[in-house]
Amino acid sequence: PTPGSAAFLRPPLCTAMRRVLLLVLLADAAAFKFLTDFGPAKLIPRPSAMLKRRRATKKFGDKKLAVITGASSGAGLEAAANLLRTGEYHVFGAVRDLDKMRDAA
C-alpha cells in the first residue's frame, strides 16, 4: 500500500482478530433470528380482509360452521341435531345417500 491510501492507514487484521470479528457478527445475527418469524402484517388486519369479514357476517351472521359426516343416521344425525338446537352453528351434513338424508331432515 502506498502512504496516504486507506489500506495504508488501516492496520492489517490478524487471524485471531478476524475470528473474533466473525464470531461477534454471527452472534449479532443469531440474536435477531426471532424476527424472521415475526409477522406484523398478521397482527394488523388489511382493509380488504376486514371488508370480507364484514360482508360474511352480514350475510351469514356470527354462527360457526360445522360439517358432520354420516349425518343421515346414528351418531352423526344426533350430533347435527344437537348443534342445530344450540342455534350457534350452520350445519352441513356430508352423506352418501341423499334420500336417507331427506328423510332424516
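In what follows, every heavy atom counts, from backbone to side chain, and hydrogens, waters and symmetry copies are set aside. Residue numbers start at 1 and run along the sequence shown. Just so we're clear, the structure is a prediction, and the values are computed from it rather than from any experiment.
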Who else is in the cluster with Ile68 when I, L, V, M, F, W and Y are joined by side-chain contacts under 4.5 Å? Leu83, Leu84, Tyr89, Val91

Kindly give the heavy-atom pair with the smallest separation between Gly93 and Ala71, and that separation in Å. CA-CB, 3.7 Å

Within a 6.0 Å radius of atom CG on Asp62, are there more than 12 heavy atoms belonging to other residues, nucleotides or ligands? no

Do you know which two heavy atoms are closest between Gly87 and Lys63, and how far apart they sit? O-CE, 3.2 Å

